[in-house]
Asker: 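Below you will find the structure I want to go over with you.
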Amino acid sequence: MRNIIMKDKTLVTAALPYANGKPHVGHIAGAYLPADTYVRFLRLMGKDAVFVCGSDENGAPITFSAIKEGVTPQDIVDRYHAVLSESFKGLGIDFDYYGRTHCEKHNGISQEFFTTLHDKGHVVKRSSEQVYCTECNMFLPDRYIEGNCPHPDCKKPGARGDQCESCGRPVDATKLEDPVCMVCKQSGREGKGCIEVRETTHWYLRLDAFEKDLRAYLDLHPEWRESVKRFSYGLLDQGLRERCVTRDLDWGIPVPLEEAEGKVLYVWFDAPIGYITFTRQYLESLGKEEEWKDYWYNQDNGLVHFIGKDNTVFHAVMFPGMMMAHGDYRMPDTVVSNEFLNLEGDKISTSRNYAVWVNEYLEAFSPDPLRYYLTAIAPENSDSDFSWQGFQNRNNGELADNLGNFIQRNLAFCNKYFEGKVPPAENISDAGKELLEEIEKTRTELAELFDGHRYRDALERIMLLSRKGNEFFSAEEPWKSRKDDMAKCGATIYTCMMVIEALSVFMSPILPFSAAKLRECLNIPALSAGDWNTDAVLKSGHTINTPEVLFPKIDDAMIEEQVAKLTPKAKAE
RNA sequence: GCCGAGGUAGCUCAGUCGGUGAGAGCGAUGGAUUCAUAACCCAUAGGUCGGCGGUUCAAGUCCGCCCCUCGGUACCA
């Protein structure tokens, strides 16, 4: 048996979604759903958990979207902040606080963070040459310049300022041939067009100074997912470099230095600080001004970050490096990182509009089937694939036919032949006793799986219990015993009811809506903190309510409708 | 190019420190049954474990080379 590693008090964060697009199933599977599941689990275990997140509203792409649409950056972030909040809410991703980084409080905390690093000498000034667009009147991120590859043996078009798409090699943005600004789509070099090279000044975080400490920190966490460790050690082995933490932009958090007029903090510098900001805002809203320190200063408590793999470098190396450099804060315990979710075999792409958007999903279906499916195919160890066919199969074959039907056949049987009263807990057969023991085995193993962030396995374990319930029910044949041996029949149904109550607890972190509905059908109280280990409240003689179908089947037409929404654009590429 | 991950039954994937006849779910086929959302239960299916070579008494499981897919490559977030 492994050791349970959760703490009595834990701060859980989910990667801040960038407020420049709607959330899709990939985002949900990557960070938000596992984080929400974990928080629900912690609370069932009677632990204190605070769950924060918020929209990431700074950065260059938001500015560019605003330019493209002819609106202000504020318009962009307002729009997406609203969609993001609603989507999370609709799926039952239940943050204690969902904030936004474009606010005074966050500016102040981020600037204080920067100032501390600057005063300690961990941030240094450097000058460099960057590409500037005179049409847009701004410096361009390397990614936003396209041209011909400067490598003599390649020369192919479509190379970006950071990397050539054709030969895959890194590119020096200032050396791209025939560069085009991807914001205004204009081109031409010095004098003859809008693209020119200008000198600029920026501030760099001396990550290299913390290389040894970061390695020691990683060494303390053998329990992290393999992919995160391999990636992080890989970076350390290459040697950490200074990392630029400011940008030439007018949208963002001003760099708190007189000589840094017109510069803002790099969005990835302030985004993780958002976790601190949101924790403070949440606890202040509860009138507990000082309590955030429990989570950010006290290493005895838990701090767990949930992210997608694209965020690994920031959460496993850069943010910990920032925390070390600052000095006041505790270090994160765990970074739970997921791989990517593909869609019908192809990459999900916001820019190509190739995705299953959460808000559109919710117009057609209830949240739990998606939570179920995304957990079942969670990209925990490697990329996985979302397919509508798979969604339908899992929903109909597993949720409805296995779990739903097990519940349904028992509640219906109980109503029909026992007047809705839980039968006496007598004459339990050996197989029945074995099944009751299986409940406890599941309880123990499941806690370890949730605690170890193995949600996919956890769900499988839950379904195994349901399957065993079905096997038991069929083997006992209560439809026969009800005619000549009501004692045996009652024992069968009683045993199954115990399984069902346990399932209502076990499934609740993943399927919160259905778990609540099930407990209503059972006519027992809603779950509350610490109920994971509470004794069964379902007793002999207790009257249940009329059952309702928990997991309706999804018919082909509904799936075809979704597939149709997807295909034209996917093929249009 | 460099670094990393992956290529296991029709499909989706498990396979811990190398060792009982290589597994699960779905699908397919046959059987049983009627409490239930035509659901459930039982049985069966023989896949050169990407290719070649090597180490070993023994290799999906270790080593080398090769092929294919996918990420990262630090100014997209």
Side-chain angles (χ1 to χ4, degrees), chain A residues 15-21 56 58-62 64 128 130-131 139-145 151 153 160-164 167-170 173 182 202 207 226-227 230-231 233-235 237-238 240-248 266-268 271 308-314 317-318 339-340 342 347 350-351 376-377 381-385 387 389-390 393-394 396-402 404-417 456-457 460 463-464 467 469-482 489 492-493 496 547-553:
Chain A
L16 306 193
Y18 199 54
N20 192 35
D56 181 7
N58 296 314
I62 284 169
F64 299 150
S128 63
Q130 297 293 327
V131 176
F139 282 96
L140 297 173
D142 293 348
R143 274 224 163 187
Y144 287 85
I145 311 149
H151 292 286
D153 54 341
R160 287 193 317 248
D162 56 345
Q163 186 175 22
C164 173
C167 68
R169 282 173 291 191
M182 296 314 285
H202 281 296
L207 270 181
E226 281 303 314
S227 58
R230 260 192 292 266
F231 183 84
Y233 279 119
L235 286 172
D237 291 345
Q238 286 171 48
L240 294 182
R241 301 173 222 162
E242 293 178 350
R243 177 132 190 169
C244 184
V245 293
T246 58
R247 291 288 185 277
D248 288 297
Y266 173 39
V267 63
W268 261 115
K309 70 174 165 186
D310 48 340
N311 286 346
T312 308
V313 62
F314 301 105
V317 176
M318 187 166 152
E339 307 299 299
F340 283 149
N342 290 318
K347 254 199 279 194
T350 300
S351 57
I377 63 165
N381 302 315
S382 57
D383 292 354
S384 63
D385 190 48
S387 76
Q389 186 62 60
N393 286 344
R394 293 274 191 173
N396 293 358
E398 297 179 17
L399 262 186
D401 292 349
N402 186 327
N405 183 52
F406 174 62
I407 293 164
Q408 185 68 19
R409 71 199 299 203
N410 273 289
L411 299 197
F413 201 103
C414 182
N415 262 314
K416 212 160 162 184
Y417 301 110
R456 199 172 171 147
D457 288 344
E460 204 167 297
M463 294 310 286
L464 177 64
R467 211 173 307 129
N470 272 323
E471 284 168 25
F472 173 75
F473 192 102
S474 294
E476 296 270 306
E477 301 181 313
W479 57 88
K480 284 186 184 164
S481 61
R482 77 167 172 85
C489 181
T492 300
I493 301 305
C496 288
E548 62 176 301
V549 171
L550 284 183
F551 305 106
K553 294 216 184 189

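So you know, we letter chains A, B, ... as the sequences are listed, proteins then strands, and number each from 1. Computed from a prediction, not measured in an experiment: that's the story for all the values here.
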Asker: Given Watson-Crick or G-U pairs with both distances under 3.5 Å, what dot-bracket string fits RNA chain B, with | for other-strand pairs and [ ] for crossing?
Answerer: (((((((..((((.....[...)))).((((.........)))).....(((((..]....))))))))))))....

Asker: Just the rounded figure in Å: distance from C1' of A39(B) to CG of Leu550(A).
Answerer: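 Rounded to whole Å, this separation is 15 Å.
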
Asker: Expressed in angstrom and rounded to an integer, what is the separation of Glu460(A) atom CD from A14(B) atom C1'?
Answerer: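 Answer to the nearest Å: 8 Å.
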
Asker: Just jot down the ring-ring contact (aromatic ring centres under 6.0 Å, His included) partners of Phe139(A), sequence neighbours excluded, or say none.
Answerer: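 Residues passing ring-ring contact (aromatic ring centres under 6.0 Å, His included) with Phe139(A): Tyr132(A).
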
Asker: Kindly say whether Asn58(A) contributes a backbone atom to a donor-acceptor pair with the side chain of Tyr18(A) at under 3.5 angstrom?
Answerer: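 Checked: pair present.
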
Asker: Take nucleotides 29-35 of chain B nucleotide by nucleotide from the 5' end and write B, S or -, depending on whether a protein heavy atom sits under 4.0 Å from the base, only from the sugar-phosphate, or from neither.
Answerer: ----SSB

Asker: Just so I know, are the side chains of Glu477(A) and Trp479(A) near enough to count as touching, which here means a heavy-atom distance under 4.5 Å?
Answerer: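 Side-chain contact under 4.5 Å: yes.
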
Asker: Answer whether the closest heavy-atom distance between the side chains of Asp401(A) and Lys553(A) falls below 4.5 Å.
Answerer: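 A side-chain contact under 4.5 Å exists here.
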
Asker: For Thr350(A), enumerate each residue passing the side chain to side chain donor-acceptor pair (under 3.5 Å) test, keeping only those at least two apart in sequence or located in another chain.
Answerer: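 With sequence neighbours excluded, Thr350(A) shows a side chain to side chain donor-acceptor pair (under 3.5 Å) to no residue whatsoever.
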
Asker: Whole angstrom is fine here: how far is it from CZ in Arg394(A) over to P in C26(B)?
Answerer: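 Distance check: Arg394(A) CZ to C26(B) P gives 10 Å.
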
Asker: Quick one: does Asp56(A)'s side chain have a donor or acceptor within less than 3.5 Å of a partner on Val267(A)'s backbone?
Answerer: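 It does not hold such a pair.
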
Asker: Between Ile407(A) and Pro547(A), is any pair of side-chain heavy atoms under 4.5 Å apart?
Answerer: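 SC-SC contact between Ile407(A) and Pro547(A) ruled out.
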
Asker: Roughly how many Å is it from CG in Asn381(A) to P in A14(B), rounded to a whole number?
Answerer: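 In whole Å, A14(B) P lies 6 Å from Asn381(A) CG.
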
Asker: Measure the distance from CG on Asp457(A) to C1' on G23(B) and round it to the nearest whole Å.
Answerer: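 So the two atoms are 14 Å apart, to the nearest Å.
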
Asker: What is the distance, rounded to the nearest whole Å, between atom CZ of Arg456(A) and atom P of C13(B)?
Answerer: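 The distance from CZ of Arg456(A) to P of C13(B) comes to 7 Å, rounded to the nearest Å.
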
Asker: If you assign Ala400(A) and Arg467(A) each to the RNA chain B nucleotide with the nearest heavy atom, which residue ends up on the more 5' nucleotide?
Answerer: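 Nearest nucleotide further toward 5': that of Ala400(A).
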
Asker: Name the orientation of the base relative to the sugar in G60(B): syn if the glycosidic angle is within 90° of 0, else anti.
Answerer: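 Syn, since the glycosidic angle lies within 90° of 0.
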
Asker: Select one nucleotide: of A14(B), G4(B), U37(B), the one nearest the side-chain heavy atoms of Val549(A).
Answerer: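 When the side chain of Val549(A) is considered, U37(B) is the closest of A14(B), G4(B), U37(B).
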
Asker: Among residues at least two apart in sequence or on other chains, which ones pass ring-ring contact (aromatic ring centres under 6.0 Å, His included) with Phe340(A)?
Answerer: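 Applying ring-ring contact (aromatic ring centres under 6.0 Å, His included) to Phe340(A) gives none.
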
Asker: Would you call the rings of Phe314(A) and Trp268(A) parallel, tilted or perpendicular, taking 30° and 60° as the class edges?
Answerer: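 Rings of Phe314(A) and Trp268(A): parallel, as their planes differ by under 30°.
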
Asker: Between the base of A39(B) and the side chain of Asn405(A), is there a donor and acceptor pair under 3.5 angstrom?
Answerer: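 No.
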
Asker: When the P atoms of C26(B) and C42(B) are considered, how many whole Å apart are they?
Answerer: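 Result for the P pair: 10 Å, nearest Å.
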
Asker: Does the protein touch nucleotides 71-77 of chain B at the base, only the backbone, or not at all? Give it as B, S and - per nucleotide, heavy atoms under 4.0 Å.
Answerer: SSBBBBB

Asker: Do Glu339(A) and Ser384(A) have side chains that approach each other closer than 4.5 Å (heavy atoms only, starting at C-beta)?
Answerer: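 Contact flag for Glu339(A)/Ser384(A) side chains = no.
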
Asker: Say you pick atom P in A36(B) and the same atom in G25(B); how far apart are they, in whole Å?
Answerer: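 Between the two P atoms, the distance is 26 Å.
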
Asker: Decide yes or no for Gln163(A) and Asp142(A): does some side-chain heavy atom of the first lie under 4.5 Å from some side-chain heavy atom of the second?
Answerer: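 They are not in side-chain contact.
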
